[in-house]
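If you're wondering where the values come from, they're calculated on a predicted model, not measured in any experiment. Here is the naming used below: chain letters follow the sequence lines, and residue numbers restart at 1 for every chain.
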Number of protein chains: 2
Amino acid sequence: MTKIKENSTRNENKQLTAGWCPVSYVMNKLGGYWKPIILFQLIEGPKRYSELRKAIPTITEKMLIQHLKQLQEDNLVLRTATAVVPPHVTYKLTQAGINLTPVMEAMANWAINNRENN
Amino acid sequence: MTKIKENSTRNENKQLTAGWCPVSYVMNKLGGYWKPIILFQLIEGPKRYSELRKAIPTITEKMLIQHLKQLQEDNLVLRTATAVVPPHVTYKLTQAGINLTPVMEAMANWAINNRENN
DNA sequence: CAGAATCCTATACGATACTG
DNA sequence: CAGTATCGTATAGGATTCTG
């Protein structure tokens, strides 16, 4: 009750590391499992929320929304909503997000080659 | 007590996704926070355990060892130990690990540019 | 030197149900 | 259609101590 959060060494390592390691700077924004997968789906162009769900059928709605929000906060994804009566919301990459596509493409290439080689 | 693990839908999504999404195939091996950072440190060449610790001062030993083991299991890193009396252990990238370096380099490039742009 | 062991907490993730 | 809300579990990650 009275303990609010006096101590949070948790995540401090990550913040610190991000200061000097460029890769960890990226991992602070792309960490976890789903974010690169979502970004990968947006490379080809803007997608509606429902399209993203169909494109990634194994993700739960909670994860999709949650990570989309974080990606917006990190300025990697832009959300555009038009207030019509079935709501219409699209997500697309920001410039920073577009600049990140080589990362996902390098991943995809590796996956294709590595799968063959095994 | 009698419940052993009858149900593990957890991770099934990830396995399934890996089947059709190349990026998620990679995330199954590189998921989490530290693995890309470790691999990044090994790009320039083999390193001893203690060198890795110094190179990534914010990681705990547990995390370092644990992820090095998983990277070995995924055949991305090779461990070489010589049984001398202070033990001498080096880690280096396998060919599959080397093939992954464009991913980390793309991350590093993005980090450098994105930091400037903000 | 290179780790293993133990204990603990925070967060990521998932299932399900509900809503403007 | 595009979310929210709630609840539960599994895993990631960290602190500390010990060892061949």
Side-chain angles (χ1 to χ4, degrees), chain A residues 3-18 24 27-38 46-72 77 79-91, chain B residues 3-18 24 27-38 46-72 77 79-91:
Chain A
K3 277 191 92 161
I4 296 194
K5 191 163 187 175
E6 69 181 51
N7 168 353
S8 67
T9 52
R10 200 82 27 142
N11 286 338
E12 280 184 9
N13 282 0
K14 297 183 180 178
Q15 301 297 333
L16 278 171
T17 313
S24 72
M27 294 313 286
N28 273 287
K29 298 180 181 300
L30 251 52
Y33 179 77
W34 293 109
K35 280 178 189 168
I37 297 168
I38 296 171
K47 278 201 173 73
R48 297 184 60 175
Y49 175 76
S50 53
E51 291 178 303
L52 279 173
R53 271 199 346 217
K54 261 178 273 183
I56 315 172
T58 48
I59 199 174
T60 60
E61 300 201 338
K62 175 182 170 181
M63 285 298 105
L64 182 53
I65 288 289
Q66 176 181 307
H67 287 123
L68 281 170
K69 274 185 185 168
Q70 292 174 11
L71 290 169
Q72 289 172 69
V77 159
R79 190 188 105 120
T80 311
T82 54
V84 290
V85 166
H88 185 100
V89 179
T90 64
Y91 294 90
Chain B
K3 278 190 90 162
I4 295 194
K5 194 164 186 173
E6 69 181 51
N7 167 355
S8 69
T9 51
R10 200 82 26 142
N11 285 340
E12 281 184 8
N13 282 358
K14 297 182 180 179
Q15 300 298 333
L16 278 171
T17 313
S24 72
M27 294 313 287
N28 273 287
K29 298 183 180 298
L30 250 53
Y33 179 77
W34 294 108
K35 280 179 190 167
I37 296 168
I38 296 171
K47 278 202 172 74
R48 295 184 61 172
Y49 175 76
S50 52
E51 291 178 303
L52 279 173
R53 269 199 347 215
K54 262 177 274 184
I56 315 173
T58 48
I59 199 172
T60 60
E61 299 201 340
K62 175 182 169 182
M63 286 297 106
L64 182 53
I65 287 289
Q66 176 181 306
H67 287 123
L68 282 170
K69 275 185 184 167
Q70 291 173 11
L71 289 169
Q72 288 172 71
V77 160
R79 191 187 104 118
T80 311
T82 54
V84 291
V85 167
H88 184 100
V89 180
T90 65
Y91 293 91

Rounded to whole Å, CH2 of B/Trp34 lies from C1' of C/dT11 at a distance of 15 Å

Grab the CD1-P distance between B/Ile56 and D/dG13 for me, whole Å please. 13 Å

Under 4.0 Å between a side-chain N/O of A/Tyr49 and OP1 or OP2 of D/dT4, yes or no? no

Rounded to whole Å, please give me the gap between CD1 in A/Ile59 and C1' in C/dC13. 10 Å

Remember a base hit wins even if backbone is also touched, and classify B/Lys69 as base, sugar-phosphate or nothing at under 4.0 Å, heavy atoms. sugar-phosphate

Please check: side-chain N/O of A/Thr17 versus main-chain N/O of A/Ser24, any donor-acceptor pairing under 3.5 Å? no

In whole angstrom, what separates A/Glu51's CD from D/dA2's C1'? 13 Å

Got a sec, which residues hit side-chain hydrogen bond (donor to acceptor under 3.5 Å, both in side chains) with A/Thr90, two or more places apart in sequence or on another chain? none

Establish, with yes or no, whether the OP1 or OP2 oxygen of D/dC1 is under 4.0 angstrom from a side-chain nitrogen or oxygen of A/Arg48. no

With DNA chain D as reference, determine whether B/Glu61 or B/His67 sits nearer its 5' end, using the nearest nucleotide of each. B/His67

Interatomic distance, A/Asn13 CG vs C/dA10 C1' [rounded to whole Å]: 14 Å

Shortest non-hydrogen contact from B/Glu61 to B/Arg53? OE2-NH1, 2.6 Å

Taking 4.0 Å as the cut-off, does a side-chain nitrogen or oxygen of B/Ser50 come that near to OP1 or OP2 on C/dA2? yes

Please state how far atom NZ in A/Lys14 lies from atom P in D/dA12, giving the value in whole angstrom units. 11 Å

Between A/Tyr33 and A/Pro87, whichever has its closest DNA chain C nucleotide further toward 5' is A/Tyr33

Shortest non-hydrogen separation from A/Ala55 to A/Lys47 and the atoms involved: CB-CE, 4.4 Å

In whole Å, what is the span from the CD atom of A/Gln66 to the C1' atom of D/dG3? 14 Å

Can you check the B/Ile65 CD1 to C/dA2 P distance for me, whole Å? 9 Å

So what does A/Lys35 hit on the nucleic acid, given a heavy-atom distance under 4.0 Å: a base, only sugar-phosphate, or nothing? nothing

Which heavy atom in A/His88 sits nearest to a heavy atom in A/Arg48, and how many Å separate them? ND1-CZ, 3.1 Å

